[in-house]
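Everything on this sheet refers to the single structure shown next.
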Amino acid sequence: MGTFNEQEVFKKISATKLLPLFNYADLSVCKAIIKACYDAGIRAFELTDRDENAFKVFEQLVPFVTAELPEMTIGAGTILTPLTAQKYIDAGADFIISPNLDLSVGNVCIKNEIPWMPGCFTPTEFQQAYNAGAKVIKLFPAGTVGPDYIKHIRGPLPHLKIVVTGGVQVNAASIKTWLDAGVFAAG
């Protein structure tokens, strides 16, 4: 189980409006990246499950984060199955992020009282995710539609808190454009 509850996780993400996501097979590189984010004031980090070493790296990052970066909340991303979600939750994930809307993944997170941020693209998917218990939802791939899409989605669905990933450029102008459009955070 994770260190931080849902309210704390979302408060940490909201504080900087940034949710870095990263994956690399070398633990020392991952430690350096997450430490650099921490030193920059970021208190939420997503390690993506995109290669065969990701879980092993995550298992070793959790004790490092707990000991060295105590205010950091760490989650697992690119989670596609309920079994994978449970495995990361058992390893200490504070939150789970998926690139898609899979209610069975959400059910595992809800059962374990872990925040779940599913990836959605259409208004129907966004509302389904919200109705299923997702408090923050990921727009993925955001770059294919751009910041104006946020305004169009939030027009009829103003209660949504949306994190954008996939096509968000890592520069101040791009992030500002997304934030001005009304996103909860940029990944």
Side-chain angles (χ1 to χ4, degrees), residues 1-14 17-23 34 43-63 65-66 72-142 144-145 149-150 153-154 156-166 168 182-187:
M1 290 296 261
T3 303
F4 299 99
N5 67 36
E6 182 177 76
Q7 183 179 9
E8 293 167 325
V9 168
F10 293 143
K11 184 177 179 181
K12 288 174 182 294
I13 295 169
S14 179
K17 302 292 187 188
L18 297 174
L19 179 57
L21 55 127
F22 187 72
N23 173 286
I34 198 168
R43 295 297 184 260
F45 192 89
E46 171 190 349
L47 186 77
T48 61
D49 186 50
R50 292 192 185 165
D51 66 46
E52 66 274 358
N53 291 322
F55 182 71
K56 187 168 95 174
V57 168
F58 186 86
E59 282 184 305
Q60 296 173 44
L61 268 181
V62 170
V65 168
T66 302
M72 180 67 81
T73 180
I74 186 168
T78 319
I79 303 304
L80 301 174
T81 69
L83 288 173
T84 306
Q86 189 64 59
K87 181 169 76 169
Y88 275 93
I89 290 167
D90 291 344
D94 289 314
F95 57 90
I96 297 292
I97 300 180
S98 300
N100 62 318
L101 175 59
D102 184 326
L103 298 178
S104 64
V105 171
N107 289 337
V108 168
C109 296
I110 291 165
K111 180 184 89 182
N112 286 279
E113 299 180 2
I114 296 290
W116 165 57
M117 292 177 256
C120 296
F121 196 75
T122 67
T124 300
E125 290 175 333
F126 277 104
Q127 191 60 39
Q128 285 176 339
Y130 180 82
N131 290 346
K135 305 286 190 306
V136 175
I137 302 164
K138 176 170 106 167
L139 169 60
F140 177 79
T144 60
V145 289
Y149 190 66
I150 297 296
I153 291 289
R154 291 195 72 236
L157 303 169
H159 54 282
L160 296 179
K161 292 180 180 172
I162 301 171
V163 172
V164 290
T165 68
V168 176
V183 300
F184 180 72

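Below, each value reflects all heavy atoms present in this structure, side chains not excepted, and no hydrogens, waters or symmetry copies. Here, residue 1 is the first one in the sequence, and each next residue gets the next number.
Listed for the Y149 side chain is a donor-acceptor partner under 3.5 Å among the backbone atoms of F121. Between the side chain of D94 and the backbone N or O of I74, at least one donor-acceptor pair lies under 3.5 Å. Without hydrogens or angle criteria, S98 side chain to L80 main chain gives no donor-acceptor distance under 3.5 Å.
For the pair K135 and F10, the NZ or CZ position fails the cation-pi test of under 6.0 Å to the six-membered ring centre and within 45 degrees of the ring normal.
Taking every heavy atom of both residues into account, N100 and P118 meet most closely at O-CB, 3.7 Å. Across all non-hydrogen atoms, the minimal contact from F184 to V163 is CD2-CG2, 4.1 Å. Listed here is the closest heavy atom pair of E46 and I97: OE1-CD1, 3.2 Å. For A76 against Y88, the heavy-atom pair with the smallest separation is CB-CD2, 3.3 Å. The two residues C109 and W116 come nearest to each other via the heavy atoms CB-CB, 3.6 Å. Closest of all the heavy-atom pairs between P82 and V108 is CB-CG2, 3.6 Å.
One distance of note links CD of Q127 with OG1 of T122; it measures 11.0 Å at 0.5 Å rounding. Distance check, rounded to the nearest 0.5 Å: CZ of F45 to CD1 of I34 gives 5.0 Å. Distance OG1/T78 to CG/L21: 7.5 Å, rounded to 0.5 Å. Rounded to the nearest 0.5 Å, atoms CD1 (I114) and CD1 (I89) are 5.5 Å apart. The NZ atom of K87 sits 8.0 Å away from the CD1 atom of I79 when rounded to the nearest 0.5 Å. Distance CG/L160 to CD1/I153: 7.5 Å, rounded to 0.5 Å.
For CD of E113, the number of neighbouring non-hydrogen atoms (other residues, nucleotides, ligands) closer than 6.0 Å is 12 at most. Atom NZ of K161 is surrounded by 12 or fewer heavy atoms from other residues, nucleotides or ligands within 6.0 Å.
Residue pairs meeting the side chain to side chain donor-acceptor pair (under 3.5 Å) criterion with at least one member in residues 3-13, sequence neighbours excluded, do not occur.
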message: Pair V9, V136 - check side-chain contact (heavy atoms from CB on, under 4.5 Å), show working.
response: CA-CA 11 Å; V9 168; V136 175; over 6 Å; no
message: Before you tell me yes or no, could you show the steps for M72 and L61 under side-chain contact (heavy atoms from CB on, under 4.5 Å), namely the whole-Å CA-CA distance, both residues' side-chain angles and the distance that decides it to 0.1 Å?
response: CA-CA 11 Å; M72 180 67 81; L61 268 181; over 6 Å; no
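Qualifying salt bridge (charged side-chain N to carboxylate O under 4.0 Å, His left out) partners for R43, counting only residues two or more places apart in sequence or in other chains: E71.
The side-chain contact (heavy atoms from CB on, under 4.5 Å) with M117 is formed by just one residue from the set I96, I137, I162, I13; it is I13.
A donor-acceptor contact under 3.5 angstrom links the side chains of D102 and S104, judged on distance only.
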